Structures are given as structure tokens and as C-alpha cells.
A.B. asks: 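Just passing along the structure, written as C-alpha cells.
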Amino acid sequence: MAGVGRLIIDGMNVIGSRPDGWWRDRDAAVRRLLGQLQRLAAASPQSVTLVLDGRPLPDLAEGDHGGVTVRYAERGHSADDRIVAMVAADPDPASLEVVTADRGLRERVGECGAGVSGPGGLLARLR
């Protein structure tokens, strides 16, 4: 993950990889991950995009939030579909690394030319 220019984070997949009670307050879990990613973005030359499933949080619209670009699944689709569309449309997919444990998503973005890593490496960097 160190040499990659741009990270795309499968947000709910990363959040769900930690059995820390996130399911009791999904919105707070999203905000915690965003805060961690903001610190990473401030300390790294990598650009960071966080893609989330579900409804947009009222106070967290799509766009830049402290150096992290937030995106949501498009209506009727999953974050996986949004991530694949982003990678497929990118002029340099080899410069992207998608962080997810989802096997199907890993295959789909890999076929588009992006690198893939699991949540463990990212979570270690965030600690």
C-alpha cells in the first residue's frame, strides 16, 4: 500500500472487518473511520476516497472532508458498483489501490487494472 498514489476505501467493508460494536451506531463508526482517514491523508501524499453504502449522513455530503473525498453508493446500487465504475472510468487505474475484503469486488477492480489490499493493512496504518 505504501507506493500507491490513490486509495479507494470500501468503507462499510473496512468498518465491518472490526468486531468493535460498530453495528450499534453505524453513523458514529463512519465518522470514526473518516477521522482516521483524515489523519492519514494529512500525513501522506496519497489521495484518499471513502465510498459508503446506504443513505448519505445528513452532515456528511459527498465531496471533500478534510482531505478525504466521500462518495456514496448511487441509488439502487452498492458501494461496490460505485467503486468499480470509478476504477473503470479512471485514466490510470494502475495508480489506484482499492481497500476491501470483498472477493467479488477484488476481482472486478483487479480486472480493471487497480491494485487491491485488505482492510488489515489499512487498519494497521490507521493505528
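All values derive from a computational prediction rather than experimental measurement.
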A.B. asks: How close do P119 and N13 get, heavy atom to heavy atom, and via which atoms?
C.D. replies: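 Minimum heavy-atom separation between P119 and N13: CG-OD1, 3.8 Å.
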A.B. asks: Checking the side chain of Y72 only, and the main-chain atoms of R82 only, is there a donor and an acceptor separated by less than 3.5 Å?
C.D. replies: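 No; judged by distance alone, with no hydrogens or angles, the pair does not exist.
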A.B. asks: How close do S17 and L123 get, heavy atom to heavy atom, and via which atoms?
C.D. replies: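 For S17 and L123, the tightest heavy-atom pair comes out as OG-CD1, 3.5 Å.
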A.B. asks: Where the side chain of D53 meets the backbone of S78, is there a donor-acceptor pair that is under 3.5 Å apart?
C.D. replies: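 Judged by distance alone, no pair lies under 3.5 Å.
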A.B. asks: Any chance the side chains of S95 and R6 put a donor and an acceptor closer than 3.5 Å?
C.D. replies: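 Result is yes, a qualifying pair exists.
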A.B. asks: Please tell me if the side chains of D59 and R31 come closer than 4.5 Å, counting only heavy atoms from C-beta onward.
C.D. replies: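 Yes; the side chains approach each other to less than 4.5 Å.
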A.B. asks: Roughly how far, to the nearest 0.5 Å, is the CG atom of L50 from the CD1 atom of I8?
C.D. replies: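 The CD1 atom of I8 sits 11.0 Å away from the CG atom of L50.
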A.B. asks: To the nearest 0.5 angstrom, please state how far the CG atom of L7 sits from the CG atom of L40.
C.D. replies: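 L7 CG to L40 CG: 6.5 Å, rounded to 0.5 Å.
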A.B. asks: Please round to the nearest 0.5 Å and tell me the distance separating atom CD1 of I9 and atom OG of S117.
C.D. replies: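 Nearest 0.5 Å value for the CD1-OG distance: 7.5 Å.
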A.B. asks: Are M12 and V30 packed together at the side-chain level, in the sense that at least one heavy-atom pair is separated by less than 4.5 angstrom?
C.D. replies: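 Yes; the side chains approach each other to less than 4.5 Å.
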A.B. asks: Side chain of R125, backbone of G121: donor and acceptor closer than 3.5 Å?
C.D. replies: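 Checked: no pair found.
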A.B. asks: Looking only at heavy atoms, which two atoms of A114 and V98 are closest? And how far apart?
C.D. replies: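 Closest approach of A114 to V98, heavy atoms only: CB-CG2, 4.4 Å.
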A.B. asks: Measuring from atom CG of D64 to atom OG1 of T49, what distance do you get when rounded to the nearest 0.5 angstrom?
C.D. replies: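 Interatomic distance, D64 CG to T49 OG1, rounded to 0.5 Å: 9.5 Å.
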A.B. asks: Under a 3.5 Å distance rule, please check whether R106 uses its side chain to pair with a backbone N or O of T100 as donor and acceptor.
C.D. replies: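 Answer holds: yes.
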A.B. asks: For G67 and A41, which heavy atoms make the closest approach, and how far apart are they?
C.D. replies: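 Taking G67 first and A41 second, the nearest heavy atoms are O-CB, 3.7 Å.
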A.B. asks: So how far is it from L34 CG to L60 CG, rounded to the nearest 0.5 Å?
C.D. replies: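 Output value for this atom pair is 5.5 Å.
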A.B. asks: For side chain to side chain contact (heavy atoms under 4.5 Å, CB included), just list the numbers for L37 and L126, CA-CA rounded to whole Å, side-chain angles, deciding distance to a tenth of an Å, and then say yes or no.
C.D. replies: CA-CA 7 Å; L37 292 172; L126 297 178; 4.2 Å; yes
A.B. asks: Apply side chain to side chain contact (heavy atoms under 4.5 Å, CB included) to the pair V109 and M86, showing each step before the final yes or no.
C.D. replies: CA-CA 9 Å; V109 297; M86 291 167 60; over 6 Å; no
A.B. asks: Show the nearest heavy-atom pair for residues R55 and R26, with the distance to one decimal.
C.D. replies: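 Of all heavy-atom pairs spanning R55 and R26, the closest is O-NH1, 4.5 Å.
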A.B. asks: Once rounded to the nearest 0.5 Å, what's the spacing between atom CG of L33 and atom CD1 of I15?
C.D. replies: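 It comes to 5.0 Å.
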